[in-house]
Amino acid sequence: MTADIKKQLELLKRGTIEIFNEVELAEKLTESAGANKPLRIKLGLDPTSPDIHLGHTVVLRKMRQFQDLGHKAVLIIGDYTARIGDPTGQNTTRPMLTSEQIEKNAKTYLEQAGKILDTSAHKLEVRHNSEWFEKLTLMEMIQIAAKKTVAQMLQRDSFKLRLENDIDVYTHEFLYPLMQGYDSVVIKSDVELGGTDQTFNNLVGRDIQRGYGQKPQVVITMPILVGLDGKEKMSKSKGNYIGVTDQPNDMFGKIMSISDDMMENYFTLLTDFAGEKIAELVNPNKTHPKEAKILLGKTIVAQFYGDQAAQLAAAEFDNIFAKGQLPDEMPEIKLTAEPVMASKLLMSCGLVPSGSEAKRMVKQGGVSVNGSKISDPNEQITPKDGMVIQVGKRKFAKIKIK
RNA sequence: GGGUCGGUGCCCGAGAGGCCAAAGGGGAUGGGCUGUAAACCCAUUGGCGUAAGCCUACGUUGGUUCGACUCCAACCCGGCCCA
């Protein structure tokens with residue numbers, strides 16, 4: 001192995017959980033370099049939700065590294081699979097999507113993924129799996145299914161656990177891994193990326209590829225990013241996520257709210273800092289945790305909005321939360337100068353969802369008007385131009401008389 | 001198909017005719033402490049109403065009752081056991 005390949009390998013290993021397997025990856029890299037032929041790096045996207053968050057970017061960033069090393073990203077939009085429903089069978093609320101919705105989601109998804117990936121034509125290929133699955137015959141599907149045994153399928157934890165706990169496993173669920181594996185065959189993937197939750201599916205791809213006489217893909221799994229709550233994986237439905245379209249101030253604020261012990265994880269998975277540097281940053285004896293977190297926030301915001309926006313977001317944060325000042329911008333609410341009850345006022349400003357909630361907030365001392373707390377929800381307030389209403393620490397509204 | 005158990009607020013879960021907007025926990029939110037970190041402490045956690053109070057809610061639809069989350073019937077959905 002040449003020194004260059006060694007270096008590449010080291011970079012690519014960073015932040016991964018497992019590589020199946022490293023020797024094959026080194027071979028593929030060497031071959032690719034020798035033949036001057038880019039590797040095809042596969043990533044399957046689930047177009048059931050239009051927004052992507054930092055959790056998705058962990059894998060996308062790994063993909064970007066491959067691109068930067070000259071390889072080709074092949075994104076597969078699972079439009080066919082998405083139409084069937086939820087593969088885990090656990091999420092019963094997930095609605096079946098129409099092809100229009102899927103297409104719309106896929107489009108937004110790609111736009112957002114473009115913030116991480118290199119989208120130039122020779123570095124990125126986007127495919128929809130309906131392209132081949134719509135034409136697939138039952139006989140062909142059976143042949144695919146014949147590549148794996150039931151016992152092999154049952155190795156998958158989520159199947160095994162559900163069987164043990166008498167939770168339904170539907171027959172069609174066996175088809176998903178097979179179909180994903182067939183995707184790899186069609187696009188001739190060299191490497192497939194995915195979260196650890198996809199390990200099984202992606203490994204099935206290796207077997208299916210072998211069954212079709214292809215050299216099996218290398219499977220690289222990335223950690224699942226923990227959400228803001230520090231417990232569960234980052235996901236939209238849990239509300240513990242940072243969206244890539246979140247505004248700089250929000251994004252920064254959310255990062256500041258993560259707990260200290262999550263910083264190392266976020267630094268490793270979401271930034272390019274070297275390992276030693278990160279070790280220094282997360283060591284409270286060397287760096288004040290708050291300073292480290294500010295750096296983390298700035299770095300991440302800068303990835304999406306540039307350095308200047310990141311600086312501004314950090315400054316704004318400092319103003320509001322450290323110095324207790326007002327934000328530069330807040331929603332402006334047009335009202336007439338008629339006196340209204342405080343609870344009604346909060347409603348009109350959109351600061352609370354209901355009158356009862358407004359009363360609660362006032363009683364709990366969470367509401368201030370022009371900086372001074374109010375204590376009576378029934379107090380009459382006459383709106384004035386420029387009057388600032390604050391609820392809790394982060395909800396503001398400014399009144400404009402019409 | 002038969003038997004059996006169950007479906008309660010954001011989630012889990014207690015309640016078994018009035019004292020139930022429904023214990024307890026989790027989560028969330030507000031306040032305190034801080035670095036909008038964690039931990040911790042206090043409080044709040046259906047809607048409307050200044051208030052007294054009213055309305056809506058315990059799978060669905062009907063019924064019994066002065067009164068039903070609690071009893072009855074049918075139906076829908078789920079678990080388990082048997083076939």
Side-chain angles (χ1 to χ4, degrees), chain A residues 89-93 161-170 226-242 246-267 281-298 300-301 313-327 330 338-348 350-369 371-381 389-396:
Chain A
Q90 289 161 344
N91 187 346
T92 49
T93 56
L161 285 174
R162 280 193 284 157
L163 281 176
E164 280 166 10
N165 295 305
D166 295 318
I167 299 170
D168 286 336
V169 176
Y170 286 88
V226 176
L228 297 171
D229 55 16
K231 290 179 198 130
E232 302 201 72
K233 75 170 189 176
M234 184 174 282
S235 89
K236 191 174 184 185
S237 57
K238 299 220 167 64
N240 61 359
Y241 70 105
I242 303 179
D246 279 0
Q247 288 307 295
N249 288 346
D250 272 346
M251 202 181 260
F252 189 86
K254 284 181 182 176
I255 294 163
M256 291 306 284
S257 78
I258 67 168
S259 81
D260 289 358
D261 43 17
M262 289 163 66
M263 272 201 289
E264 181 167 9
N265 191 251
Y266 274 43
F267 266 120
L281 287 168
V282 298
N283 181 343
N285 295 324
K286 297 200 168 152
T287 316
H288 190 288
K290 194 192 177 191
E291 293 308 315
K293 217 177 281 172
I294 289 173
L295 179 63
L296 177 68
K298 278 187 191 168
I300 291 172
V301 172
E316 172 92 346
F317 179 88
D318 188 56
N319 275 337
I320 299 172
F321 298 108
K323 301 195 181 114
Q325 295 174 350
L326 294 173
M330 41 191 136
E338 306 284 316
V340 285
M341 244 191 308
S343 58
K344 298 277 182 209
L345 183 66
L346 297 185
M347 290 264 276
S348 340
L351 294 167
V352 290
S354 72
S356 307
E357 176 74 7
K359 283 177 209 170
R360 253 175 250 138
M361 285 301 143
V362 174
K363 280 184 195 148
Q364 291 176 126
V367 177
S368 64
V369 174
S372 50
K373 271 188 188 173
I374 60 172
S375 52
D376 177 10
N378 299 326
E379 183 180 336
Q380 295 285 318
I381 295 177
I389 320 284
Q390 179 175 5
V391 176
K393 281 176 190 143
R394 52 193 118 169
K395 281 184 283 188
F396 298 88

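Numbered from 1 within each chain, the chains take letters A, B, ... in sequence-line order.
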Inset, instruction - Please state the C1' separation for the pair rC41(B) and rA22(B) - nearest whole angstrom. - result: 28 Å
Legend entry - Spacing of Lys323(A) atom NZ relative to rU34(B) atom P, expressed in whole Å: 19 Å
Inset, instruction - Between rU61(B) and rG53(B), how far apart are the P atoms? Round to whole Å, please. - result: 30 Å
Inset, instruction - To the nearest Å, give me how far apart CG (Leu346(A)) and C1' (rU44(B)) are. - result: 16 Å
Legend entry - Flag, side chain of Lys254(A) to backbone of Tyr241(A), donor-acceptor distance under 3.5 Å: yes
Legend entry - Nucleotide forming a Watson-Crick or wobble pair with rG1(B), both distances under 3.5 Å: rC82(B)
Legend entry - Of Lys395(A) and Asn378(A), the one whose closest RNA chain B nucleotide lies more 5': Lys395(A)
Legend entry - Spacing of the P atoms in rA57(B) and rG2(B) (rounded, Å): 33 Å
Legend entry - Between C1' of rU50(B) and NZ of Lys344(A), the distance in whole Å: 10 Å
Inset, instruction - Tell me what Lys359(A) touches on the nucleic acid: a base, only sugar-phosphate, or nothing, going by heavy atoms under 4.0 Å. - result: base
Legend entry - Ser235(A) to Asn240(A) - nearest heavy-atom pair and separation: N-OD1, 2.9 Å
Inset, instruction - Go through the steps for Met330(A) and Lys395(A) under the test side-chain contact (heavy atoms from CB on, under 4.5 Å), then give the verdict. - result: CA-CA 9 Å; Met330(A) 41 191 136; Lys395(A) 281 184 283 188; over 6 Å; no
Scan nucleotides 35-39 of chain B against the protein and return all N/O pairs shorter than 3.5 Å with their distances rounded to 0.1 Å.
from, atom 1, to, atom 2, distance (Å)
rG35(B), O6, Asp260(A), OD2, 3.3
rG35(B), N1, Asp260(A), OD1, 3.2
rG35(B), N1, Asp260(A), OD2, 2.7
rG35(B), N2, Asp260(A), OD1, 2.5
rG35(B), N2, Lys293(A), NZ, 2.9
rU36(B), OP1, Lys290(A), NZ, 3.2
rA37(B), O4', Lys293(A), NZ, 3.1
rA37(B), O2', Ile258(A), O, 3.2
rA37(B), O2', Ser259(A), N, 3.3
rA37(B), N3, Asp260(A), OD2, 3.3

Inset, instruction - Can you tell me, in whole Å, how much space there is between the P of rC11(B) and that of rU60(B)? - result: 14 Å
Legend entry - Under 3.5 Å on both distances, the Watson-Crick or G-U partner of rC19(B): none
Legend entry - Whole angstrom value for the distance that separates P of rG30(B) from CZ of Phe396(A): 12 Å
Inset, instruction - In whole angstrom, give me the gap between the C1' atoms of rA21(B) and rA68(B). - result: 16 Å
Legend entry - Same-atom distance (C1') from rC66(B) to rC82(B), integer angstrom: 46 Å
Inset, instruction - Could you please name the partner base of rA39(B), counting Watson-Crick and G-U wobble pairs only when both distances are under 3.5 Å? - result: none
Legend entry - Separation between the P atoms of rG9(B) and rC75(B), rounded to whole Å: 25 Å
Inset, instruction - Rounded off to whole Å, could you give me the CD-to-C1' distance for the Glu379(A) and rU50(B) pair? - result: 13 Å
Inset, instruction - Would you kindly give the CG-to-P distance between Asp229(A) and rA28(B), to the nearest whole Å? - result: 7 Å
Legend entry - Nearest-nucleotide 5' precedence on RNA chain B, Val367(A) against Ser343(A): Val367(A)
Legend entry - Lys231(A) vs rG26(B): side-chain N/O to OP1/OP2 distance below 4.0 Å: no
Legend entry - Arg360(A) side chain, from C-beta outward: closest of rG30(B), rG46(B), rG32(B): rG46(B)
Legend entry - Integer angstrom distance from the C1' of rC12(B) to that of rG27(B): 10 Å
Inset, instruction - Would you tell me if any nitrogen or oxygen in the side chain of Ser356(A) comes within less than 4.0 Å of OP1 or OP2 on rG46(B)? - result: no
Inset, instruction - May I ask which nucleotide in the shown strands pairs with rG46(B), Watson-Crick or G-U wobble, both distances under 3.5 Å? - result: rC55(B)
